[in-house]
Amino acid sequence: MSSPRPRNDDGPPGPDSPYIYGLYRHLTRDLGWDVKVVVPSSQKSWIGKAYQIKDIIGGRYYYPRDPDGSGETAHQSRPLKDGEMAEWILLDGTPATCANIALHNLYHGNIDLVISGPNLGRNSSSAFALSSGTIGAALSSSLSRIRSVALSYGTVIHPTPTTLHDPAHLLSSKIIRHLWDNWGADEGGLRDGEVDLYNINIPMIEQLLSEDSLKICWTSIWRNSAYPLEAAAVADAGSAAGPDSANQTKSTAGPSVADREATQKDVGKLLFKWAPDMKDLINPTSVPVGSDGWAIRNGWVSVTPIRASFAEPGVESARPVDVEENVWKLKL
């Protein structure tokens, strides 16, 4: 295959994007793939498949180094210095914008597969998936008739032990390799009757260290309901990284606010902050068997085939879910 192109919605390597460099190393070293990386220059979670149609999108070249992917930026492409592993591109745009520019401008005709992620935090269930910049980028590339995968690492342990990073990357690489070699059929797919894209969620749990790693299961998207996302701006905002992020940082955008509980009077001031109530999404009392949320709750990897389309009424199957039928039997 020609070059796959990883991208994420968490930006370049750093506290909000701790996984992309590790996955890059596994894809290039373990699979031997020629990998091009184009990512947003800053954190862009929860932005879905948005495009910045009024903006001129600028960019910079980025040169990651071992062990964590930190590196220098440059406004002009240059030869690699000693210790630099590759030349990446940072764009001042959304994840979907990065995917489209990479496919149609930077590497036109040279990309066979887009890998969006790994996201810091799960992207299971419709409530997360419909807002996910990670899935948004994969949707964008699939609309360009390119095979696409959205990959997310669900945080279960706070903080996530770094010992889990490499096993997660290795498992991700094996799953993506298997999907590439056995891409599914969908008669309604945009590209020659194939599945448009896959959404993968891997729970970051200790079982990743076991010899058998985690069970992998074909799943559907858990169709859950909406939830409050904003609150009166009277306290510091939380992390924008994702639903599972434990990295709490103060917001630097907008007016400063006092650290106290909101009152109805505060609501009338029309000043709001990002403060999602996600306890029922992260720890639900019940989830449908066979859904991505159910798989994550059981400590399994979920692999969900998705169409790049809004769902149409009446297409859901009424037959009960056969869990054993959906569990992957092969040894990766």
Side-chain angles (χ1 to χ4, degrees), residues 1-12 17 19-20 23-24 27-28 31 33-41 44-53 55 57 59 86 88-119 123 128-153 172-173 175-186 188-201 221 303-311:
M1 65 179 296
S2 58
S3 300
R5 191 195 66 81
R7 55 119 345 265
N8 67 4
D9 67 358
D10 295 325
S17 185
Y19 301 130
I20 187 169
L23 180 66
Y24 169 83
L27 292 175
T28 54
L31 298 186
W33 286 359
D34 178 15
V35 179
K36 310 297 184 185
V37 179
V38 182
V39 296
S41 58
K44 291 291 189 298
S45 286
W46 293 88
I47 205 165
K49 200 181 77 65
Y51 299 96
Q52 296 164 270
I53 62 173
D55 294 353
I57 305 300
W88 294 4
I89 292 177
L90 311 181
L91 294 178
D92 301 329
T94 67
T97 297
C98 291
N100 192 269
I101 289 176
L103 291 174
H104 298 288
N105 295 273
L106 298 172
Y107 306 112
H108 183 66
N110 294 320
I111 302 298
D112 287 336
L113 172 68
V114 168
I115 302 169
S116 183
N119 186 66
N123 274 308
F128 290 144
L130 289 171
S131 299
S132 168
T134 300
I135 296 177
L139 285 168
S140 175
S141 52
S142 68
L143 288 173
S144 293
R145 300 178 183 270
I146 300 294
R147 286 182 173 185
S148 304
V149 171
L151 174 64
S152 301
Y153 293 172
S172 298
S173 299
I175 292 172
I176 293 168
R177 172 85 257 187
H178 175 77
L179 291 175
W180 173 259
D181 291 337
N182 303 273
W183 205 267
D186 177 4
L190 293 172
R191 184 190 52 260
D192 302 325
E194 289 188 341
V195 169
D196 290 340
L197 66 149
Y198 290 98
N199 183 36
I200 303 171
N201 283 277
I221 296 177
V303 182
T304 309
I306 298 178
R307 283 187 182 180
S309 171
F310 286 108

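In what follows, residues are counted from 1 in the order of the sequence shown.
To the nearest 0.5 Å, atoms NZ (K49) and OG (S131) are separated by 14.0 Å. Interatomic distance, Y24 OH to S173 OG, rounded to the nearest 0.5 Å: 13.0 Å. Atom-to-atom distance recorded for S116:OG and L139:CG is 9.0 Å, nearest 0.5 angstrom. For the atom pair CG of N119 and OG of S17, the computed distance is 8.5 Å after rounding to the nearest 0.5 Å.
Using a 4.5 Å heavy-atom cutoff, the side chains of W33 and L113 are in contact. Considering only heavy atoms from C-beta on, T304 stays 4.5 Å or farther from Y198 through its side chain. Side-chain contact check for L23 versus I115: some heavy-atom pair is nearer than 4.5 Å. Contact check for L190 versus L143: side-chain heavy atoms found under the 4.5 Å cut-off. Counting heavy atoms from C-beta on, the side chains of D112 and I146 never come closer than 4.5 Å. Side-chain contact between S172 and Y153 is present, with at least one heavy-atom pair separated by less than 4.5 Å. Side-chain contact check for I101 versus V38: every heavy-atom pair is 4.5 Å or farther apart. Residues V35 and V37 are in side-chain contact: their nearest non-hydrogen atoms beyond the backbone lie under 4.5 Å apart.
Nearest heavy atom pair, residue R191 against residue V195, reads NH2-O, 2.7 Å. Here the closest heavy-atom approach between residue A129 and residue N123 is recorded as CB-O, 4.5 Å. Nearest heavy atom pair, residue S140 against residue A96, reads OG-O, 3.3 Å. Taking both residues in full, the closest heavy atoms of G133 and P95 are given as O-CB, 3.3 Å, listed atom of the first, atom of the second, then distance. Nearest approach of A50 to T97, heavy atoms of both residues: O-OG1, 4.1 Å. Closest non-hydrogen pair, L91 versus G59, comes out as CD2-CA, 4.0 Å.
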Could you please spell out the steps behind the side chain to side chain contact (heavy atoms under 4.5 Å, CB included) verdict for D186 and R307? CA-CA 9 Å; D186 177 4; R307 283 187 182 180; 2.8 Å; yes
Going through the checks in order, is the side chain to side chain contact (heavy atoms under 4.5 Å, CB included) test met by I20 and W88? CA-CA 12 Å; I20 187 169; W88 294 4; 4.2 Å; yes
Decide yes or no on side chain to side chain contact (heavy atoms under 4.5 Å, CB included) for V114 and L103, but give the supporting numbers first. CA-CA 9 Å; V114 168; L103 291 174; 4.0 Å; yes
Determine, stepwise, if the pair V149 / I200 fulfils side chain to side chain contact (heavy atoms under 4.5 Å, CB included). CA-CA 7 Å; V149 171; I200 303 171; 3.6 Å; yes
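Side-chain atoms of S148 do not come within 3.5 Å of backbone N or O of L197 as any donor-acceptor pair. No donor-acceptor pair closer than 3.5 Å links the side chain of D55 to the backbone N or O of I57. When atom types are taken as modelled, the side chain of S141 and the backbone of A138 share a donor-acceptor pair closer than 3.5 angstrom.
Relative ring orientation between W180 and W183 is described as perpendicular, the plane-to-plane angle rising above 60° on a 0-90° scale split at 30° and 60°.
The only member of N182, I175, I176 that meets side chain to side chain contact (heavy atoms under 4.5 Å, CB included) when paired with H178 is N182.
A salt bridge (charged side-chain N to carboxylate O under 4.0 Å, His left out) check over residues 90-106, counting only residues at least two apart or in different chains, returns the pairs R60-D92. Counting only residues at least two apart or in different chains, salt bridge (charged side-chain N to carboxylate O under 4.0 Å, His left out) contacts with residues 133-153 comprise R147-E194.
Looking at residues two or more places apart in sequence or on another chain, you find a salt bridge (Lys or Arg N to Asp or Glu O under 4.0 Å) between D181 and R177.
Open room surrounds CG on D192; 12 or fewer heavy atoms of other groups in view lie less than 6.0 Å from it.
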